[in-house]
Q: 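Before I ask anything, let me first share the structure, which is written out below as structure tokens.
In this text, all values refer to a predicted model and were calculated from it rather than measured experimentally.
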Amino acid sequence: EDFISGRGRCEDKDILPIYLAENQGILREGLRTVADNPNRPLVGLRLVIECFNGTTGFVGKLFKDLGAEVKILHGEPKGDGSFSVDKPEPAIKENLAELREAIKSFKADLGIAFDVDGDRVGFVNERAKILGGNELLAVLALGILEERKRGIIIVNSKTSENVVKLIAKNGGTPLRWWTGYAHIRALMKELNNLELSFEDMEELSKAKDKDLQKKLKLTKRSIKQGKSILFGGEETGHILFPENFYFDDGMYTTIKLLIIIARLKNKDVTLNKLAGELFYSYYVPDIRMTITDEANASGIVESAIGSIV
């Protein structure tokens, strides 16, 4: 109805090769200075990828073409809407049991677990130890700050204070924001919009504390003066990069981590060694309750919270 008159055309196009080539180009560029073979920079790297019968089985080709040895678990959709596990969440430890065993038998450098639509991702290191959400944020921050030297990293309210301190210690500017990747995305976009004044930011209304309002104002000013937002993320595996259109994209996060791992390997440092030197982080996973008694829902939730606090 928006096009009352005129002509258009419909074209069928396979966008997968374009998508693969784009991401392979990002990996090649990121590893250009450390790879022996710039065209196949992942030679010598062994990966196991858990797809839970979701949509991400195609990613094996991306890494194989660059020289990696890849083992795919549950790479094909079943076609009936079911998955290899009941709740295909990479944040659920039990879901990663098969991946961890495959890492041992395949002698892999990294295990990767995508949720079924590929926007979130979890990782397991070469010792088959799960890289927690806080540890992932810390490793990404360290690797990116080593390259960029300074910049803003936005995390959510549930992220460990150890991550915030680590960012600041390594030259970054940490900023806590509301839990929910949509809130982080909105804040990143508004901070980066140089035509939008601080007073006109919609996200400003969520900053009830005056100190936080002041920090936001200083952050906005520093961006106008040339400082960059490096990324934003949550310990759930939702990670967003401005140069990737602010999408929470598990593939792009994986590429960023692979670049960091390859650079570490060039220094004879493993992901397990790096993560082991960071900190120990206690993490309470999401507690999801099914409530059928809607009339008493708030009381049930309050009672549940009281039992664990």
Q: Looking only at heavy atoms, what is the nearest atom pair of T254 and G250, with distance?
A: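 Looks like OG1-O, 2.8 Å.
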
Q: Using the rule that two of Ile, Leu, Val, Met, Phe, Trp, Tyr join whenever any of their side-chain heavy atoms come within less than 4.5 Å, decide whether V59 and L66 are in one cluster.
A: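 Same cluster.
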
Q: How is the hydrophobic cluster of V43 composed, in terms of its other members, when Ile, Leu, Val, Met, Phe, Trp and Tyr link through side-chain heavy atoms under 4.5 Å apart, directly or indirectly?
A: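 The other cluster members (ILVMFWY side chains, heavy atoms under 4.5 Å, direct or chained): none.
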
Q: Does anything in residues 50-60 pair up under side-chain hydrogen bond (donor to acceptor under 3.5 Å, both in side chains), and if so which pairs, sequence neighbours excluded?
A: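 As it turns out, the side-chain hydrogen bond (donor to acceptor under 3.5 Å, both in side chains) pairs with a partner in residues 50-60, which skip direct neighbours, are E50-H74.
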
Q: Run the salt-bridge test on R120 and E89 with the 4.0 Å N-O cut-off and return the result as yes or no.
A: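 Looking at E89 together with R120, the answer is yes, because their closest N to O distance falls below 4.0 Å.
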
Q: Give, for atom NZ of K87 and atom CG of D115, the distance between the pair rounded to the nearest 0.5 Å.
A: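 Between K87 NZ and D115 CG, I get 15.0 Å after rounding to 0.5 Å.
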
Q: When you compare the side chain of I112 with that of V48, does any pair of heavy atoms fall below 4.5 Å?
A: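 No, too far: nothing below the 4.5 Å cut-off.
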
Q: Could you tell me whether the side chain of K224 and the main chain of N192 form a donor-acceptor pair under 3.5 Å?
A: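 Between the backbone of N192 and the side chain of K224 there is no qualifying donor-acceptor contact (under 3.5 Å).
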
Q: What's the shortest heavy-atom distance between T159 and G233, and which atoms?
A: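 Closest pair (atom of T159, atom of G233, distance): OG1-O, 4.5 Å.
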
Q: Does F245 share a hydrophobic cluster with I229, counting links as ILVMFWY side-chain heavy atoms below 4.5 Å and allowing steps through other members?
A: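 No, it is not one cluster - the side chains of F245 and I229 are not joined through contacts under 4.5 Å.
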
Q: Just wondering, are more than 12 heavy atoms of other shown residues or ligands nearer than 6.0 Å to CZ in F247?
A: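 No, the 6.0 Å shell around CZ holds no more than 12 heavy atoms from other groups.
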
Q: Is there side-chain contact between V124 and K129, with at least one heavy-atom pair below 4.5 Å?
A: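 Not in contact.
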
Q: Among side-chain atoms of D80 and S82, is any donor-acceptor pair under 3.5 angstrom?
A: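 Their side chains do contain a donor-acceptor pair, which is all the 3.5 Å distance test asks for.
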
Q: Taking the six-membered ring for Trp, are the ring centroids of F83 and F52 within less than 6.0 Å of each other?
A: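 No, too far apart.
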
Q: May I ask you to say whether D211 pairs ionically with K215, meaning some side-chain N is under 4.0 Å from a carboxylate O?
A: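 Result for this pair is no, no salt bridge flagged.
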
Q: Keeping to residues at least two apart or across chains, list the salt bridge (Lys or Arg N to Asp or Glu O under 4.0 Å) pairs with something in residues 141-157.
A: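 Sorted pair list: E146-K267, E147-R263.
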
Q: For E135 and L131, which heavy atoms make the closest approach, and how far apart are they?
A: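 What the structure gives for the nearest pair is CB-CD1, 3.6 Å.
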
Q: Identify the heavy atoms of I152 and S222 that sit nearest to each other, and give their distance.
A: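 It is CD1-OG, 3.9 Å.
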
Q: Counting heavy atoms not belonging to E22, are there more than 12 under 6.0 Å from its CD?
A: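 It does not: E22 CD has 12 such atoms or fewer within range.
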
Q: Taking L175 as the fixed residue, which of L216, V164, V155 is the one that meets the side-chain contact (heavy atoms from CB on, under 4.5 Å) rule?
A: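 The single option meeting the side-chain contact (heavy atoms from CB on, under 4.5 Å) with L175 is L216.
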
Q: I'd like to know if the side chain of K71 reaches the main chain of A108, judged simply by a donor and an acceptor atom lying under 3.5 Å from each other, with no hydrogens or angles considered.
A: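 No; zero donor-acceptor contacts below 3.5 Å.
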
Q: Could you check L140 against T253 for side chain to side chain contact (heavy atoms under 4.5 Å, CB included), going step by step and ending with a plain yes or no?
A: CA-CA 9 Å; L140 288 171; T253 301; 4.2 Å; yes

Q: Could you go through the side chain to side chain contact (heavy atoms under 4.5 Å, CB included) check for I49 and F63 one step at a time?
A: CA-CA 11 Å; I49 303 174; F63 302 127; 3.8 Å; yes

Q: Under 3.5 Å, side chain of S228 to main-chain N/O of L230, donor-acceptor pair present?
A: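 It does not hold such a pair.
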
Q: Does Y19 belong to the same Ile/Leu/Val/Met/Phe/Trp/Tyr cluster as V116, with side-chain heavy atoms less than 4.5 Å apart forming each link?
A: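 Looking at the clustering, V116 is in a separate group from Y19.
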
Q: Return the CD1 to CD1 distance between I144 and I260, rounded to the nearest 0.5 Å.
A: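 Reported to 0.5 Å precision, the distance equals 5.5 Å.
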
Q: Would a 4.5 Å heavy-atom cut-off, applied to side chains only, mark K13 and I18 as touching?
A: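 The answer is yes; the side chains approach within 4.5 Å.
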
Q: Quick check for you: to the nearest 0.5 Å, what is the distance between H238 atom NE2 and T236 atom OG1?
A: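 With rounding to 0.5 Å, NE2 (H238) is 4.5 Å from OG1 (T236).
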
Q: Determine whether the side chains of Y252 and N23 contain a donor N or O and an acceptor N or O closer than 3.5 Å.
A: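 No.
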
Q: Does some side-chain heavy atom of L31 sit less than 4.5 Å from a side-chain heavy atom of L258?
A: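 Not in contact.
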
Q: Is F114 reachable from L99 through a run of I, L, V, M, F, W or Y residues, each pair having side-chain heavy atoms under 4.5 Å apart?
A: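 Unlinked, L99 and F114 end up in two clusters.
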
Q: Walk me through it: do L271 and L110 pass the test side chain to side chain contact (heavy atoms under 4.5 Å, CB included)?
A: CA-CA 8 Å; L271 180 59; L110 183 68; 3.8 Å; yes

Q: For K265, what residues pass the side chain to side chain contact (heavy atoms under 4.5 Å, CB included) criterion, not counting sequence neighbours?
A: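 Checked K265 against side chain to side chain contact (heavy atoms under 4.5 Å, CB included); matches are L45, D109.
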
Q: For D86, does the CG atom have more than 12 heavy-atom neighbours from other residues, nucleotides or ligands under 6.0 Å away?
A: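 No - once you tally the heavy atoms of other residues, nucleotides and ligands closer than 6.0 Å, there are 12 at most.
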
Q: Hydrophobic clustering (ILVMFWY, side-chain heavy atoms < 4.5 Å, transitive) - are I255 and L136 grouped together?
A: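 Yes, same cluster.
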
Q: Measure the shortest side-chain to side-chain distance between V163 and I167 over non-hydrogen atoms and say whether it is less than 4.5 angstrom.
A: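 They are in side-chain contact.
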
Q: Heavy atoms, side chains only, cut-off 4.5 Å: are F241 and Y246 in contact?
A: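 A side-chain contact is absent here, since even the closest heavy-atom pair is not under 4.5 Å.
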
Q: So do the side chains of D65 and L20 get within less than 4.5 Å of each other, counting heavy atoms only?
A: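 No - every pair of side-chain heavy atoms lies 4.5 Å or more apart.
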
Q: Might you point out which heavy atoms bring D200 and S197 nearest each other, and give the distance in Å?
A: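 Looking at all heavy atoms of both residues, the closest pair is OD2-OG, 2.9 Å.
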
Q: Output yes when K158 and E235 qualify as a salt bridge under the 4.0 Å nitrogen-oxygen rule, no when they do not.
A: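 Counted as a salt bridge, because a side-chain N and a carboxylate O are separated by less than 4.0 Å.
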
Q: Would you say CD of E11 has more than 12 non-hydrogen atoms from neighbouring residues, nucleotides or ligands within 6.0 angstrom?
A: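 Yes, because the 6.0 Å sphere around CD of E11 holds more than 12 heavy atoms from other groups.
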
Q: Does atom CD of E76 have more than 12 heavy-atom neighbours, drawn from other residues, nucleotides or ligands, at distances under 6.0 Å?
A: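 No, CD of E76 has 12 or fewer neighbouring heavy atoms, counting only those of other groups under 6.0 Å.
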
Q: If I take atom CZ from residue F123 and atom CD1 from residue I103, how far apart are they, to the nearest 0.5 angstrom?
A: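 F123 CZ to I103 CD1: 11.5 Å, rounded to 0.5 Å.
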
Q: Could you go through V139 and L278, starting from their C-alpha distance and side-chain angles, then the distance that decides it, and tell me whether this counts as side chain to side chain contact (heavy atoms under 4.5 Å, CB included)?
A: CA-CA 9 Å; V139 169; L278 293 175; 4.0 Å; yes

Q: Counting heavy atoms not belonging to E199, are there more than 12 under 6.0 Å from its CD?
A: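 More than 12 within 6.0 Å, yes.
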
Q: Can you find a heavy atom in the side chain of C51 that is under 4.5 Å from one in the side chain of L73?
A: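 C51 does not reach L73 side chain to side chain.
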
Q: Within the distance-only criterion (no hydrogens, no angle test), does the side chain of K107 pair as donor or acceptor with the backbone N or O of R46 below 3.5 angstrom?
A: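 No, K107 side chain to R46 backbone: no donor-acceptor pair under 3.5 Å.
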
Q: Supply the atom-to-atom distance D209 CG to L212 CG, rounded to the nearest 0.5 angstrom.
A: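 Interatomic distance, D209 CG to L212 CG, rounded to 0.5 Å: 6.0 Å.
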
Q: Does any pair with a residue in residues 26-42 pass side-chain hydrogen bond (donor to acceptor under 3.5 Å, both in side chains), and if so which ones, sequence neighbours excluded?
A: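 Qualifying pairs: E29-R32.
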
Q: Which distance, rounded to the nearest 0.5 Å, do you find between the OG of S84 and the CD of E98?
A: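 Between atom OG of S84 and atom CD of E98 there are 7.0 Å.
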
Q: Can you check whether A207's main-chain N or O pairs, donor with acceptor, with Q213's side chain at less than 3.5 Å?
A: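 Between the backbone of A207 and the side chain of Q213 there is a qualifying donor-acceptor contact (under 3.5 Å).
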
Q: Got a sec: does the CG of L194 have more than 12 other heavy atoms crowding it under 6.0 Å?
A: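 Yes.
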
Q: Taking all non-hydrogen atoms of both residues, which atom of A141 and which atom of L166 are closest, and how far apart?
A: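 Result for this residue pair: CB-CD2, 4.4 Å.
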
Q: Taking only residues at least two apart or on different chains, which pairs with a member in residues 176-186 satisfy side-chain hydrogen bond (donor to acceptor under 3.5 Å, both in side chains)?
A: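 The answer is N156-T179, S157-T179, E161-R176, W177-E203, H183-K206, R185-D248.
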
Q: Has K78 got more than 12 heavy atoms of other residues, nucleotides or ligands less than 6.0 Å from its NZ?
A: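 It does: K78 NZ has more than 12 such atoms within range.
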
